[in-house]
Amino acid sequence: MDYKLPKRVQNSNKSTYGRVLNIAGSDYMPGAAYLSSVSALKVGCGYCFLASTERCISAVAAQTQNVVFVPFKDLQQHLKQADVVSIGCGLSTEKQSIKVFNQVLDCIEPDIPLIIDADGINILAKDSKRLTHQKTIITPHPKEAARLMDSSLDFVLDNLEYTASMLASTFNVIVALKTHRTLVMAPDGKKYINTSGNNSMAKAGSGDVLTGMISGLVAQGMDMFEATCLGVYLHGLAGDIAKNELTEYSVMAEDLISFIPNAIKVCY
């Protein structure tokens, strides 16, 4: 991996390392909000603001004191203050979630990076022409990619590089197509095939951790393509270390967060 971690400086404060606005979670999926928020902080961003439902916020607040909470009704003002916006982890595709997603697409500032994952991609697939934001990263797994491509899952699995390339060029976005060898593709054809990671990571919540890691790196000022590649690599490396400690059967998504510091030490 050629891409370096963002530099830390002695004379700094929390604002130095960026603000993530993570729009995630729903009443019955607070875990995704927790995982994506905490992992952003674990890679070094200064703030993570979680915008979600009141029920989800209460559940996440019981697990961590490190996240700042934003009710959906206050989302508008925080969109203008963020250094990066991530949306979709555990969001659901209910009516309120679709309204929030459309609000973000309509109101996000042109220069703020946007990361779309999970239910954000599922909502987008219903009206993909709405994606016109120029600074966007999408992180689909093959089934989500198939929805965006309006193709079959088998086609995507048989044509991973073509799928990633078409998504990147069609939507003018950076794509992290999540498989056992995650493929990162830029609209100009630049690509990265990841070599870290293992089957212990095939658990619910692993993708939420990845979204948080990428958003945390982008918040610190990294180039979006480089942050995506480094986030994917560190995510897989944390999984490799976790597997060695816990076996390939017992790794859970929250374990990936615990081993992010070990992965960072390898690259530091």
Side-chain angles (χ1 to χ4, degrees), residues 3-8 12-25 32-52 60 66-70 72 74-91 100-101 103-121 124 131-140 168 171-176 184 186-187 207-235 257 260 264:
Y3 303 122
K4 304 298 183 184
L5 286 156
K7 290 184 177 179
R8 311 288 288 191
S12 61
N13 57 64
K14 53 186 177 289
S15 295
T16 306
Y17 303 110
R19 295 168 175 252
V20 172
L21 174 58
N22 183 30
I23 305 164
Y34 170 83
L35 293 167
S36 51
S37 297
V38 174
S39 56
L41 292 163
K42 207 72 170 179
V43 296
C45 75
Y47 288 96
C48 184
F49 294 82
L50 171 63
S52 193
V60 176
N66 298 290
V67 175
V68 182
F69 299 106
V70 178
F72 279 146
D74 297 330
L75 177 61
Q76 185 75 33
Q77 66 187 78
H78 289 275
L79 278 171
K80 299 181 182 298
Q81 300 169 359
D83 294 300
V84 57
V85 175
S86 58
I87 185 168
C89 296
L91 190 65
V100 168
F101 184 81
Q103 179 185 4
V104 171
L105 291 188
D106 289 339
C107 300
I108 188 171
E109 298 292 329
D111 60 335
I112 295 178
L114 174 65
I115 302 170
I116 305 176
D117 183 38
D119 283 326
I121 295 173
L124 180 64
L131 182 56
T132 59
H133 190 67
Q134 296 300 299
K135 300 187 70 172
T136 300
I137 300 166
I138 62 173
T139 58
F171 297 108
N172 194 29
V173 298
I174 295 165
V175 178
V184 181
D208 304 319
V209 175
L210 175 61
T211 296
M213 293 175 72
I214 294 172
S215 65
L217 293 171
V218 173
Q220 294 173 75
M222 280 194 74
D223 170 83
M224 290 173 61
F225 181 81
E226 294 183 6
T228 305
C229 296
L230 182 57
V232 165
Y233 177 73
L234 287 172
H235 180 255
I257 297 175
I260 288 173
I264 288 174

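Keep in mind that the numbers below use all heavy atoms, side chains included, and drop hydrogens, waters and symmetry copies. Predicted, not measured: the structure shown is a model, and the values here were computed from it.
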Closest non-hydrogen atom pair between [X] and [Y], with its separation:
X	Y	answer
L50	A24	CD1-O, 3.8 Å
L75	A51	CD1-CB, 3.9 Å
R19	Q81	CD-O, 3.3 Å
Y3	L230	O-CD1, 3.7 Å
M222	P6	CG-CG, 3.6 Å
Y17	G44	CB-O, 3.4 Å

Measuring from [X]:[atom1] to [Y]:[atom2], what's the distance to the nearest 0.5 Å?
X	Y	atom1	atom2	value
L41	K14	CG	NZ	12.5 Å
T211	D117	OG1	CG	3.0 Å
Q220	R8	CD	CZ	5.5 Å
I108	L21	CD1	CG	8.5 Å
Y47	H78	OH	NE2	11.5 Å
M213	I115	CE	CD1	12.0 Å

Write out all pairs satisfying side chain to side chain donor-acceptor pair (under 3.5 Å) with one or both partners inside residues 32-45, taking only residues at least two apart or from two chains. N22-S36, N22-S37
Trace of the side-chain contact (heavy atoms from CB on, under 4.5 Å) decision for I23 with L91: CA-CA 8 Å; I23 305 164; L91 190 65; 4.3 Å; yes
Contact between [X] and [Y] at the side-chain level, heavy atoms closer than 4.5 Å - yes or no?
X	Y	answer
F101	I116	yes
L114	V173	no
V38	N66	no
V218	I137	yes
V184	I174	yes

